[in-house]
Every structure is written in C-alpha cells, then in structure tokens.
K.L.:
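The following block contains the structure, expressed as structure tokens.
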Amino acid sequence: MDTKKYSAGLSELRAVRDELKPLERELGQLQAKVDKLREHRAEKVRELSGYEKATADRLATSAGLAVIDIVTLAPSLAPQGAPEASAGSTATETVTGDQSVAQAAAQPIKESAAPPAPDRPVTEPAGALAHLPSTTSDSDAAPEASGRPAQAEAAPAAAATEDSERVLPSIPDGADGDRWFHAERDLASKRPNFKQAARGMAFLDTTTGTLVWQSGTVRLDLGSASVAEILTAVYAVAPVSVERIYITAGDPWHQSSERHAFLKDAVAAWLNGPLPEGWTVEASRGRDRQAGHLVHPRNPVGRWQRGDQHTEIRSVGEWFDPGGADPATVRAAFVELWKALRPHFEDVVLMGSPSQTGRDLWSRTVPAKAGAKWADGFPVMSQEIRGLLHATAGQGRTELIAPPRVPERVPGWYEVDRTFAYAKHTWASGVGVPERITAARFAAMSEKEQSNALFAPSHWQVRVTIPEGWSHVGLLPAPAPGERSWHYPYEGGRTFTTWAGGAEVNLALRNPIAPWRIEILDGLLWESGDPLKSWSTKLQKAWRSLRAIADMHGDEQQKQACALASRAVRAILLYGIGTFAQRPRITTGSLELGAGGEVPDMPDGARLTGITDTHVTWERNQGFSRDQYAHPEWAAGVWSAARAALLSVSTSSKDPATGKPLKAGALHLPPGSILAFRTDAIYTSAPVDWEYGGEPGDYLLKGRMPWEQTTPRTDEEFYYLQGLGRQAYEAEGM
C-alpha cells in the first residue's frame, strides 16, 4: 500500500465514521426509550399483581410477555409453593423446526432453594446389581466408599450460588405437585387426515452458478449472490412451481461476515437485503409453511413471496454435508431418498427440513384402527411436566477432557462413532401420563418393583455419590456452574444432585468398574409403549437399502447420491426426535426502517437484537406451544439411552466363547485414555478393536493416528486433530 491509497483509506474511514455516529446515537436513544418502557411495564405488572383476582396468564397477554416472565416480576402469581424464578432460567434455544401451531405461554416451574430431602433415605447397593433393597448400610457400599458417612448425612457438594452449580427444578410437594400430573385437555397426537403438498425444489451452487431442477440444468450469473440476484436469476429460467431453492455450496449469507461481530448478524443482513420489484418477505402462513425468515448462523431459512408465488431459500446442510457434491448429485440424493422412503410411507412428502419431514412421517404411523390402543392419539403431558423435562433432560454428551486429567502428550488418536445411534434406542418409550414415584414410595417398593421401575421409561431426581478412588470418566450429567449446560462429575467421593433417565441410573448402578451410590429423591414413571418403533423401523429399512445401493452401485454419481440420501434418513430420525422435545420457542424477525430511518414498532414481547441501514432485527421468547406432537418424554428417553450407550453397550457382534454380545463404550477403554465425547462419538488415545457389524448403534472407526499427539485443550485444537485423524485413516485405505 502506498501513501496515496493510505490517505484515500483514511478518507473513506472518516466517511464511515460520520455515517455511523448518528445511527449509534439513534440506537442509544431508542435503547434508552425501550429500557424506560420496560421498567414502566414491570412496575405496572407488579402493581396489578396485587389485585386478588390477578392471574399470570392474563397479565402476560396484556404485557406481551411469557407467563414465566410475569412470575419473575411477581412471584406471588406463581403456582402455590413456587419461589421466584431467576432471570437466567428463561430458555434461549432457537427451534429450527417450523411449527404453524399457535403459541402458548410457558408455565413456571418450581426451583427449590436446595435439593429436597427424601422422607426416607434410599441408597442403591454396590454389590448386587440385580437387586435393589430399600435401605443400605455403609457396609453395602462399594469398597472404595467404605467408611464414608451414610448418604442421608452427606451434604450436597455445591450450594445454589452464582459461582457454583445451579439447582435444577423440583416437583412441588403434596397436592401442588400432584396437579402437574395430567394430560392437556383436548390435545393428543393423532394421525393427520390430509396429505402434505409437494413443493418444487431446485438446487443451486452459488459459487459456480449451477442451477438444477426437474426440467434441466443451467449456469446462472449471480453477481454477488444477494437475495435479489438469486431470485431474479433463478426465476428467469425456473417455473414458479419451484418453491424451495436449496443452496448446495457457497453459503452466500456469510458474504459480509467480516463486517459483523457475529455470524447471525451477517445472515440477517443478507436475508434483509434489497428485493426485486414485486417481492416481499412472506407474510402468509399455510398448514406446512412458516412465515418470515429464520435467522440461523449456518442453516438459515429465507421466505419471500411475489403475489401468490411463495419461495424459500434454504441450506442443504440441514439434511447432510454435501461434501463437495455438485447440484445434480444433491438433487439425485433427494430423489433416491424419496424412492427409499416410498415403500414404507405411502404418502411420503419431503418437506423443507428433516425435522419437519420426520415429524410428518411419524404422525402417519399413529394407530388409526378403531379399538387399537392409542387410536385416539397419544396424550400430551401438562406444561409443567414438559417444562420440567426441558430443564432437566439434556441432549448428547459433549465434553473435552484436557490436561491435567489426561497427559500433555498421548500415544495416539482414535475416533469411533456409533452408526445411526438414536435408531437403537426407539424400541420402547413412555406413553400416557406418568406416575410420580416419591422417595418414600420408592423405598416402600420391593426389590423387584424397584428394579422394574428403573428399567422402565423413567426420569429420576437422584443424589449421587461417586466411589472413592474412581479413576474413569463421569457417568451422570450434572448442571454446570452458571449456565444452562451440563458437565459430568468424576471426582471420587463427590456428592451431587441431578436428574437422569432410567438408562443412565442403571448404568451408574451396574457399570463394569465400580457401582455408584444412588438415592432416589423423586421420579416420573411412564407406562412402557412403542410409539416410535414403527416409524424408526421403517426409517432403518430405508437407511439399509440406501447404504446397500451406495456400496454396490457402479455409477459413481448414484453411489454418492445414495450415500448422501442415507445420511438424510439419519437426519430425519435425529431431528425428528428433537422436534418431540418441543423447547420454548425463540422466534426471530426483521422490520424495515421507515423512510426517514425511523425504527418501527416491534411485536409485543420482542427485543431489539440488531440494526442495519435498512432493517432492525428482533427476537421473542414465545414459551411452549400448544403442540399436539409435544412429547419431550420420548426425546429425553432416547437421549438418556444414547448417553448411557456411549459408556457401555452391547454390540451386534458375539463373543465366540460365550455367544453373548460383546461390549463396547468408553468404560471398556483404559482409564485416562478418553480425550473427548461428541454426541455419538468417542475420542481416545487407546487403540480400539471393536468389530463393526454395520447395524444401528455399532461403533465405526472413523479416524486413526497411531503415533504420539499433543492433547487438545481447546475446541479449535480438537477439531484440527479430528480432521487430521480422518484424513490419515482415509489415506490408509487408499
């Protein structure tokens, strides 16, 4: 750069400064006004809450807030016995699945100041894995724990302070808690009586400009690949019946990422760019269509309309990583996906996302024959129980184990991943309204009844003591300090309180190293059923057929297309299960600035998240929807079983000596060798020789570097080694 260019750059920088300053002042004034109005609203809510007939839901509607926000401002309006909720307890996850059902506010969940003490201490034995006596003495504990005080006398390891682990919600005692155990009135999962409308799809590589749809392939001039340029170029050649444009490569929504602090801001700026004449952001809502944009950092969804014409621009990354496949191959993958699903779901329609498709396909397996069990639909639990599960049932295990827990240098790097893992855990799920199993009730059960309860679909509040001398990874999730996430305590002798599914509680009691001590404090116990079995079985058949074709096909494009389609089937099941969790919904949106740059009024309850030259973006927590397909108990059960299987699971391979299934998982590797977990994958420094049988849930070796490595300490270092390990293993087979 010479002096002339430097001077010109300074001049340009000053121009940006002069343009930015008034906008920053305007934004500051707007924020001050917003803060003032929010404070006024809060004062009004507190004032009105003093009225004897005031209710949280009425105030929430009038204030444009969720019920839980009203309870935070006015704790007296919570259900009897519920203390004040903390600001940090408000859910902030963004739900990427489209839902067209009207939203309803979430009900508050009681968060106790300390874990509840059981009416009678119930500790599980250390020696007899198949028997669960109602009381246990110190002599019954594992040898490592011998001499420790009785569990009932042990204090929780951490108090509920900002600097320690958060305390998870509990079910209120007595009648207050009993009121949680009911099904939502007139809300059940029933088989739909309509067929989804098929939408025309096109596939576009914004790097090369290649567009493929049913009628042909063309090369487009997309310019900078803005929304306006894509819509103009695509519909100059494609018919209006094309309603979904999948981006296969190029990620045009990231084109201005260097000018934004966060990817979501860059995505919002791209989605809200200028539009061709006649186009507007979609404002209508159909049975399977969601209005407005979804601002997601990597897989956004943009929705526009021109008269009666509706269009979505989406990322094919929602379905699978195309891995460099061209648009024609990606389109062939969707064709093969439909062909593989058609024999099992006669009315299959591929919707915009795998989560939408998964839920729609599942709904068509709901019993419909008169007199069949659940022919009237699977009941949806109360908002309180759904909220409890949302707060206490995590998803996949993600953990990086760094020095000093493991050495600075390790002798190797090995990655094993469970193939189509969630499909392995869908054979039984809880159905109906759960029973509450209190500590006293559990203690009064016989050993067989206790064992049956823990093996049934269930979710338990437990107090856990890790055996002294424990040297392996943690087994049960616990709330991490200061945030809505999870960690896995592993220190011998430590005591903590948490919630866990029956699969994980059983694993902790019956692990192959040393049983952990468990006290049952409270629990939810469902009737065992198989609501996911038919759906999952059909998807597994489609997955197997696609993998078989991918292995044997002579045409390389079809071979790749079928491999991608098999990954799409995995996504349908994986994200379909996720839709049952039905978390509190965060919606995002944008509004155009006025002609003079005035900021428009935002929807009730929305907060400003960004401002550009032309638009403001906002988000709003809409709580739990009144969704007929809300079954977090199913998602929680699958996630719990998958986390347990990450530690120890039977494989499809048999021991030649005994004929019994061989075991695999982290606990079958040496202590100190586990470096990381990522949902269904284990990363270890120890060589892995588990035989791969090709069945759902089997461990597949995906990366290997059998030489000394520096142990990763950060996610960046982890992903670097992950990539190197996969490349090295792939090179071995070439």
Side-chain angles (χ1 to χ4, degrees), residues 96-97 196 198-219 234 238 241-251 298-301 312-345 347-361 417 419-420 422-423 538-576 694 696 700 702 730:
T96 59
Q196 298 287 0
R199 312 289 179 186
M201 296 184 285
F203 302 87
L204 176 64
D205 182 333
T206 59
T207 303
T208 64
T210 303
L211 176 73
V212 177
W213 76 103
Q214 186 176 14
S215 299
T217 302
V218 296
R219 184 67 65 85
V234 167
S241 58
V242 169
E243 296 190 42
R244 291 193 185 112
I245 303 169
Y246 283 106
I247 305 300
T248 64
D251 295 346
R298 301 202 177 274
N299 295 315
V301 181
E312 291 183 333
I313 295 180
R314 312 183 73 115
S315 169
V316 80
E318 293 182 88
W319 292 86
F320 47 73
D321 178 1
D326 58 45
T329 303
V330 173
R331 181 181 181 275
F334 276 79
V335 172
E336 293 300 326
L337 173 63
W338 184 88
K339 288 164 60 177
L341 293 173
R342 183 68 174 80
H344 311 293
F345 302 95
D347 45 4
V348 58
V349 172
L350 298 182
M351 302 177 70
S353 68
S355 58
Q356 288 175 296
T357 305
R359 187 170 66 174
D360 182 67
L361 293 180
D417 183 79
T419 300
F420 206 14
Y422 283 6
K538 293 172 186 286
L539 290 176
Q540 290 178 58
K541 289 179 179 178
W543 175 76
R544 288 190 179 93
S545 69
L546 287 166
R547 283 169 59 90
I549 297 173
D551 289 340
M552 297 184 298
H553 209 292
D555 182 89
E556 283 302 317
Q557 185 188 55
Q558 287 301 109
K559 188 181 184 75
Q560 186 180 16
C562 289
L564 293 176
S566 71
R567 297 178 199 167
V569 174
R570 174 186 178 276
I572 288 172
L573 185 134
L574 178 70
Y575 296 118
L700 172 67
K702 294 183 67 175
E730 185 177 348

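These values consider heavy atoms only, across backbone and side chains, with no hydrogens, waters or symmetry-generated copies. We're numbering straight along the sequence, starting at 1.
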K.L.:
Using a strict threshold of under 4.0 Å (side-chain N to carboxylate O), is an ion pair present between Glu556 and Lys559?
P.N.:
no

K.L.:
Please tell me if the side chains of Arg359 and Met351 come closer than 4.5 Å, counting only heavy atoms from C-beta onward.
P.N.:
no

K.L.:
If you round to the nearest 0.5 Å, how far is OG of Ser545 from NZ of Lys339?
P.N.:
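It comes to 10.5 Å.
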
K.L.:
Using every non-hydrogen atom in the two residues, find where Thr248 and Phe203 come nearest and quote the distance to one decimal.
P.N.:
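In terms of heavy atoms, the two residues are closest at CG2-CB, 4.0 Å.
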
K.L.:
Side-chain contact test, heavy atoms from C-beta onward, threshold under 4.5 Å: evaluate it for Thr419 versus Trp543 and give yes or no.
P.N.:
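They are in side-chain contact.
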
K.L.:
Could you tell me whether Gln214 atom CD has more than 12 heavy atoms of other residues or ligands within 6.0 Å of it?
P.N.:
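Check fails, neighbour count at 12 or below.
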
K.L.:
Could you grab the distance from atom CZ of Arg567 to atom CG of Leu574, nearest 0.5 Å is fine?
P.N.:
14.5 Å

K.L.:
Check for a donor-acceptor pair, side chain of Tyr246 on one end and backbone N or O of Gly352 on the other, with a separation under 3.5 Å.
P.N.:
yes

K.L.:
Between Val301 and Glu318, does the side chain to side chain contact (heavy atoms under 4.5 Å, CB included) criterion hold? Intermediate values first, please.
P.N.:
CA-CA 10 Å; Val301 181; Glu318 293 182 88; 4.2 Å; yes

K.L.:
Do Asp326 and Thr329 pair up side chain to side chain, a donor and an acceptor below 3.5 Å, judged on atom types alone?
P.N.:
yes

K.L.:
Search all heavy atoms of Pro322 against all heavy atoms of Gln560 and return the closest pair with its distance.
P.N.:
O-NE2, 4.1 Å

K.L.:
Which heavy atom in Leu204 sits nearest to a heavy atom in Val234, and how many Å separate them?
P.N.:
CD2-CG2, 4.3 Å

K.L.:
Measuring from atom CD of Gln557 to atom SG of Cys562, what distance do you get when rounded to the nearest 0.5 angstrom?
P.N.:
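Taking CD in Gln557 and SG in Cys562, the distance rounds to 10.5 Å.
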
K.L.:
Is the closest side-chain heavy-atom distance between Leu546 and Glu336 below 4.5 Å?
P.N.:
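Sidechains of Glu336 and Leu546: in contact.
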
K.L.:
With side chains defined as the heavy atoms from C-beta onward, is the minimum distance between Leu539 and Leu341 less than 4.5 Å?
P.N.:
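Counting from C-beta outward, Leu539 and Leu341 do come under 4.5 Å.
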
K.L.:
Quick one: closest heavy-atom pair of Ala550 and Ala563, and the distance?
P.N.:
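For Ala550 and Ala563, the tightest heavy-atom pair comes out as CB-N, 3.8 Å.
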
K.L.:
So, Lys538 side chain and His344 main chain: donor-acceptor pair closer than 3.5 Å or not?
P.N.:
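Checking the backbone N and O of His344 against the side chain of Lys538, a donor-acceptor pair under 3.5 Å is found.
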
K.L.:
May I ask you to test the Val212-Val330 pair for a side-chain heavy-atom distance under 4.5 Å?
P.N.:
no

K.L.:
Taking salt bridge (charged side-chain N to carboxylate O under 4.0 Å, His left out) as the test, write out the residues that go with Asp347, two or more places apart.
P.N.:
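Result, salt bridge (charged side-chain N to carboxylate O under 4.0 Å, His left out) vs Asp347: Arg364.
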
K.L.:
Return the CG to CG distance between Leu350 and Asp360, rounded to the nearest 0.5 Å.
P.N.:
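One finds 10.0 Å between CG of Leu350 and CG of Asp360.
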
K.L.:
Looking at every heavy atom in both Trp338 and Val348, which two are closest together, and how far apart are they?
P.N.:
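Trp338 and Val348 have their closest heavy atoms at NE1-O, 3.3 Å.
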
K.L.:
Which heavy atom of Phe320 sits nearest a heavy atom of Ala568, and at what distance?
P.N.:
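Heavy-atom minimum between the residues: CD2-CB, 3.8 Å.
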
K.L.:
Roughly how far, to the nearest 0.5 Å, is CD of Gln558 from CE of Met552?
P.N.:
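Between Met552 CE and Gln558 CD, I get 13.5 Å after rounding to 0.5 Å.
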
K.L.:
Is any side-chain heavy atom of Ser353 closer than 4.5 Å to a side-chain heavy atom of Arg314?
P.N.:
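The answer is yes; the side chains approach within 4.5 Å.
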
K.L.:
Find out whether Thr357 and Trp319 are in side-chain contact, i.e. whether some heavy atom of one side chain is under 4.5 Å from a heavy atom of the other.
P.N.:
yes

K.L.:
Counting neighbours of CZ on Arg570 that are heavy atoms of other residues, nucleotides or ligands and sit closer than 6.0 Å, is the number greater than 12?
P.N.:
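At most 12 heavy atoms, drawn from other residues, nucleotides or ligands, come within 6.0 Å of this atom.
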
